[in-house]
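This report concerns only the one structure given below.
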Amino acid sequence: MISQNSIDEVRLRTDIVEIISETVPLKNAGRNFKGLCPFHSEKTPSFVVSPDKQIFHCFGCGEGGNVFSFAMKSEGMSFIEAVRKFANRAGVKLPDETKEDRSEREDILDANQKAQDFFCEALNSTQGERARRYLAGRELGKNAIERFGVGFAPPGEKLLELRLKKEGLQTDVLEKAGLIVRGKGGEWYGKFRSRIMFPIHNLQGRIIGFGGRTLDDGGIPKYLNSPDTPVFRKGNVLYGLNFARRSLVEKGKAILCEGYLDVIRLNSVGIENSVAALGTSFTGRQADLLNRYVREVLVALDADPAGQNATLRALQIFIEKGVGVRVMVIPQGHDPDSYIRESGAEGFNKLIENAQSFLDFQLNLLVKRHGINSEAGRSTVIEEMEKTISKIGLQVERDLAVKKLQNVIGVSEKALRGDLVRGIKKDVKSTSHKNGEDKQSLSALRERWLLAALLRKGELVPKVKEILSEDIFKVEALKNVIHWLYSLEPEELKDISGSVGRNADSDLQKILADLLMEPSVRKGKEEQLIRDCVNGIRKTWMEEKKQSLLNELNEAEKQKEDTTVIQEKIFNLKNEIRTIQGALLSS
């Protein structure tokens, strides 16, 4: 197990601003840094990183936490994986893992790495001669093959299983990793056979799955991916992102391709800001991944009808997510790989320069497919374009899109706007209701301000605990915070930031990060705020208790019962309310 002291040392020696700025462009904003949130689409920055508190918080979506939380959320890591990653970076020596410490994820990652070693050996063996000829025919050089770890799965059904079992791996781990599958007769056999193998990495460079390209055409899928596993979800991953991440941040734009070889080819000519969608339908999660690093995506999918349809689907997702997007028009019969081999990097860069807006691409494609000379064709084009325009967030951009559609189709702008307004769903009443619910009462604000101040003055928690019990707090989410604060030991209260980092509850971490960013708590005024809030919360609680007793008194009088005890309780409460002083803490 990793000791708490080691975890704290890693946290203290890791600069959260430095870590986050590698994937999120941050700008100085007073004592903090600000940027566009990597966890939801936004155009106005609401993501704040505090170097003083070593936490982050998004005021838009509520995500928050420390450097470990960020790695867990953004890269899908476990807590231990995040600690080990930053320990290695900070030069902190951690104990080696015991067998009991190993998680299922680690076993699968280990199996994938051993499988990768086998595939690379096979490519360079006599069995891999045919695969080497194929790669040579695709003009894939040794450097590119080695950098991306391209390998070969030989034809034998049992070869991979036997090799990995010799290395101590069990059948259940190989099955969970998606490396072997059970046949109808109950026998296990390798999932990948006679295929060029492309390892798929996570952001730490560890292999989470594979994609295999067959060498035998006809009757079987051309490409085959690993199945979903505890470490791999096709719709959540982009091929090449681990290699592209730094270039994406530097250039502010990404090139989205369809295949593994497209990404490898682009990298081989110095275009490193490229990724691929693993041959599956592009997903919203993949759009969110790109949105963490760039503000614009250039879609460079294949030029055949299937590629064009995939481009249209991807465009809809990017528009809904608010990500800037253009389309690279690749000549028919080509994909990025083949086009670069024919026209070189210079030719491909010209395609980048001439990339079309998503509206131009979709409109040109629809007109080409359906025509606008017939009523039916014109109606189809208008209907499809209006679906896209209705998803555009900014009114000014929708206006420009309507004008463009009018110029091409020849339908009046008034008619187009009428249809468009009906297509855009607006629910002002619902929004107003929601905003009304968000308004906080003074009582709720006092609870929030008190906890925000206590997170900065942890040494005062024991005094507050003597006066306010947990059941006095009414805001449900804050009850969890006060319970957590009251459970901390005196030594932990001296280092609240560290205590926040040690909390494994992600929901609570978001709330704590939010409270630590509370602007109402002014430096040097925490104690006064704590006094005022404690007294205000106590007084409110007593007033409500008094009202409850008065209701009880009225009911007792109606029933002609003895009210002496109730009246005494009310008298004592009134005296206590009158004598509340601001002397909780010394001035």
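Along the sequence shown, residues carry numbers from 1. All heavy atoms count here, side chains included; hydrogens, waters and symmetry mates do not.
Ring orientation note: the planes of Tyr260 and Tyr223 are tilted relative to one another, at an angle of 30° to 60°. By the 30° and 60° cut-offs, the orientation of the rings of Phe119 relative to Phe192 is perpendicular.
Using a 4.5 Å heavy-atom cutoff, the side chains of Glu81 and Met72 are not in contact. Counting only heavy atoms from C-beta outward, the side chains of Lys253 and Arg326 approach each other to under 4.5 Å. Between Leu289 and Val275 the shortest side-chain heavy-atom distance does not fall below 4.5 Å. When side chains are defined from C-beta on, Leu12 does not count as touching Glu9, because their heavy atoms never get closer than 4.5 Å. Side-chain atoms of Ile317 and Thr283, non-hydrogen and from C-beta on, never get closer than 4.5 Å to each other.
When all heavy atoms are compared, the tightest approach of Leu278 to Val237 is CD1-O, 3.8 Å. Listed here is the closest heavy atom pair of Leu493 and Leu485: CD2-O, 4.1 Å. Heavy atoms only, all atoms of each residue included: Leu515 and Ala452 are closest at O-CB, 3.5 Å.
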Decide yes or no on side-chain hydrogen bond (donor to acceptor under 3.5 Å, both in side chains) for Lys165 and Thr171, but give the supporting numbers first. CA-CA 8 Å; Lys165 283 188 173 179; Thr171 299; 2.8 Å; yes
Would you check, one step at a time, whether the test side-chain hydrogen bond (donor to acceptor under 3.5 Å, both in side chains) holds for Asn112 with Gln116? CA-CA 6 Å; Asn112 285 339; Gln116 167 68 1; over 6 Å; no
Go through Tyr134 and Arg138 one step at a time and tell me if the side-chain hydrogen bond (donor to acceptor under 3.5 Å, both in side chains) criterion holds. CA-CA 6 Å; Tyr134 171 82; Arg138 297 296 294 263; 2.7 Å; yes
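Thr23 pairs by the side-chain contact (heavy atoms from CB on, under 4.5 Å) definition with Phe70, Arg245, Tyr293, not counting sequence neighbours. With sequence neighbours excluded, the residues that form a ring-ring contact (aromatic ring centres under 6.0 Å, His included) with Phe243 are Phe148, His201. For Asp302, the side-chain contact (heavy atoms from CB on, under 4.5 Å) criterion is met by Glu258, Asp262, Asp304, Asp335, Pro336, not counting sequence neighbours. For Tyr339, the ring-ring contact (aromatic ring centres under 6.0 Å, His included) criterion is met by His334, not counting sequence neighbours. Scored by the salt bridge (charged side-chain N to carboxylate O under 4.0 Å, His left out) test, Arg89 finds Glu18, Glu22 as partners (sequence neighbours excluded).
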For a quick test of your reading: what N or O donor-acceptor pairs under 3.5 Å do the side chains of residues 150-158 make, sequence neighbours left out?
| residue | atom | partner | partner atom | Å |
| --- | --- | --- | --- | --- |
| Lys158 | NZ | Glu161 | OE1 | 3.1 |
| Lys158 | NZ | Trp188 | O | 2.8 |

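With 3.5 Å as the limit, one finds a donor-acceptor pair spanning the side chains of Asn267 and Arg147.
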